[in-house]
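Each ligand, and each atom within it, is numbered from 1 in the order the structure gives.
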Amino acid sequence: MSETLETLRAQLDHQIETRQLLFDITQHIASSGTLDEMLLTIGGILGRALSADGVVIALGGEKAGSLYAPPDAVSTALGHAANALLRHLDQGGAAEISDVTAIPELGKTLKSVRSLIVLPLTAHEARHGFIALAFISAHAMTESEHILLAIVAGQVAVAVENAQAFESMRHSQEQLAAILASTADPVIVIDAKESIVLLNPAAEKALSVRGSEVSGKRIGDVVSAEPLLELLHDGSKADSVEWQNEAGQTYAPRLSEIKAGKQGRRGSVLILRDITRYKTLHANQTEFVSTVSHDLRSPLTYMQGYASMLPMLGELTPKQKDAAEKIVGGIAQMTDLVDKVLDAGRLDPQTGYYDLMREPCDVLKMANEIITTHTMPAEKKDLKLIAHIDQTMPILNLDEAMLKRALNNLVDNAVKYTPEGGTVTVSAAVKESNLVLSVQDTGLGISQENQQHLFERFRRVRRKEHQRVKGSGLGLFIVLNVAQKHGGHAWVESQEGVGSTFFIRVPLEGANLIGGEAKPERRAD
Ligand code: ADP
């Protein structure tokens, strides 16, 4: 009876010891500062608990080759046999080796060892290394030792896996931080509630703030730059937004959303591209072009005058007359180009400085003048030039000079690009509270693809029929910008093989009306 009691007490003591051991190991796993420290301590505890003479924990994966063993001779020998032990596991060898000499590869290195236990560290079906325990004399594992080792191996494997995942995350975070820190463009990351999550050093400098002080604050409370805040609320404005900071640097912001699967938008990344250099270069270039064009204007005017006077200065031979006409034509072409370069520069929405010079404009008179100017060139090409001008056209408050140039460009083009024998129709009417000017031709038409870019600066459609037609690609850019400056628009409707109609629309409202009145001024007939 007392013997049974003794056995029971011994079993109980053993169970308490095992639990205490597991508790110790779990504690170490949870509280160790580093993976190295944890593995060394656990190896030591296990070795002592199982009365092993040597112990080693070997890791695979990213930390392949890392060994954790106490400095005693048997553990050191186990470390030397790590590769052989790994091969033993790879070949599906037993976890418990009662006689090491039976496996020559191990017996050679582990001369003083009698028996061995080798357990793989497996988590989520991946092997992260192994634990090996060595015994100088024969050692048969008890059932509870088996269970204890299996539990510890499982826990250590999970801890190794976690540590490795953490390490790789920290590594990528460090990499990202290094990339952001060395990025010359300011980068600002905000969460879905518009609180600042991250600012790189370039952003701190551009916004004159310190990341540590503004992190977590709402961007609206930190940044007073209106264009940036507007962009955050309406990402579609990205192409047109520019922002200049107090130091005079100009930035073009780009906004991209951070999306995370089904959770939708997690935040946004605002990248500010420093375009100061580009702006300065562009401004210099614009100024240069504008100065040169301006200075060319007056010599061209008197060249035009003198060249036109040549026939009056004396009788010219037919050859001389022809040469004089060519000179006059060439000067007119140069004057047109210089005028267009000047207009395009002034009207450019990005760099232009042009303010509309509004005055009472008689659209009927203006349209008729343009038609008169084009009568001769149209006749030369055997083109029919038709006018459909609404005779009751109101007097409007427009920049007459600019609008005239815009309509002139359209009629010029229609005459230039319509083959001989065709028809050009110039119309002006009031439609749905808009002044609509249009120029229709029976030319070759323009493909859908080319129509989309036609109003961009320097855009010319290359086709063999127009090879001899001279142009700058600035005319339609000017047309569009004149219309837009008046709050309107310009566009083309065209069909290949049929012809094109170009439109200018100016709304009859606000400043476009005389005195900004609600109703257009009636004509005084
Ligand atoms: P350009 O000085 O080259 O005429 P524009 O800006 O006025 O410059 O016109 C741009 C291009 O649009 C032209 O080069 C031409 O290819 C095309 N285009 C303009 N008007 C017409 C038209 N009425 N018919 C066909 N193509 C035209």
**Message:** Do Ile504 and Val436 make a side-chain contact, defined as non-hydrogen atoms from C-beta onward lying under 4.5 Å apart?
**Reply:** no
**Message:** Quick check: do Val430 and Asn434 have side-chain heavy atoms less than 4.5 Å from each other?
**Reply:** no
**Prompt:** Parallel, tilted or perpendicular: which describes the rings of Tyr306 and Tyr302, with under 30° parallel and over 60° perpendicular?
**Reply:** perpendicular
**Message:** Suppose we screen for side-chain hydrogen bond (donor to acceptor under 3.5 Å, both in side chains). Which residues come up paired with Ser182, at least two apart in sequence or across chains?
**Reply:** none
Could you tell me, for ligand 1, which of its N or O atoms are under 3.5 Å from any protein N or O, listing the pairs and their distances rounded to 0.1 Å?
| unit_1 | atom_1 | unit_2 | atom_2 | d |
| --- | --- | --- | --- | --- |
| ligand 1 | 2 (O) | Ser472 | N | 2.8 |
| ligand 1 | 2 (O) | Gly473 | N | 3.2 |
| ligand 1 | 3 (O) | Tyr417 | OH | 3.3 |
| ligand 1 | 3 (O) | Arg460 | NE | 2.5 |
| ligand 1 | 3 (O) | Arg460 | NH2 | 3.4 |
| ligand 1 | 3 (O) | Gly473 | N | 3.3 |
| ligand 1 | 4 (O) | Asn413 | OD1 | 3.2 |
| ligand 1 | 4 (O) | Lys416 | NZ | 3.2 |
| ligand 1 | 4 (O) | Tyr417 | OH | 2.8 |
| ligand 1 | 6 (O) | Gly475 | N | 3.2 |
| ligand 1 | 6 (O) | Leu476 | N | 2.8 |
| ligand 1 | 7 (O) | Asn413 | OD1 | 3.4 |
| ligand 1 | 7 (O) | Asn413 | ND2 | 2.7 |
| ligand 1 | 7 (O) | Leu476 | N | 3.4 |
| ligand 1 | 8 (O) | Gly473 | N | 3.2 |
| ligand 1 | 14 (O) | Tyr417 | OH | 3.2 |
| ligand 1 | 14 (O) | Arg460 | NE | 3.2 |
| ligand 1 | 16 (O) | Val461 | N | 3.1 |
| ligand 1 | 23 (N) | Asp441 | OD2 | 2.8 |

Could you list the donor-acceptor pairs under 3.5 angstrom formed by side chains in residues 188-198, with sequence neighbours left out?
| unit_1 | atom_1 | unit_2 | atom_2 | d |
| --- | --- | --- | --- | --- |
| Asp191 | OD1 | Lys193 | N | 2.9 |
| Asp191 | OD1 | Glu194 | N | 3.1 |
| Asp191 | OD1 | Ser195 | N | 2.9 |
| Glu194 | OE2 | His233 | NE2 | 3.4 |

Would you list the atom pairs, donor with acceptor, under 3.5 Å between side chains in residues 376-389 and any protein atom, with sequence neighbours excluded?
| unit_1 | atom_1 | unit_2 | atom_2 | d |
| --- | --- | --- | --- | --- |
| Lys381 | NZ | Val415 | O | 2.8 |
| Lys381 | NZ | Lys416 | O | 3.1 |
| Lys381 | NZ | Thr418 | O | 2.7 |

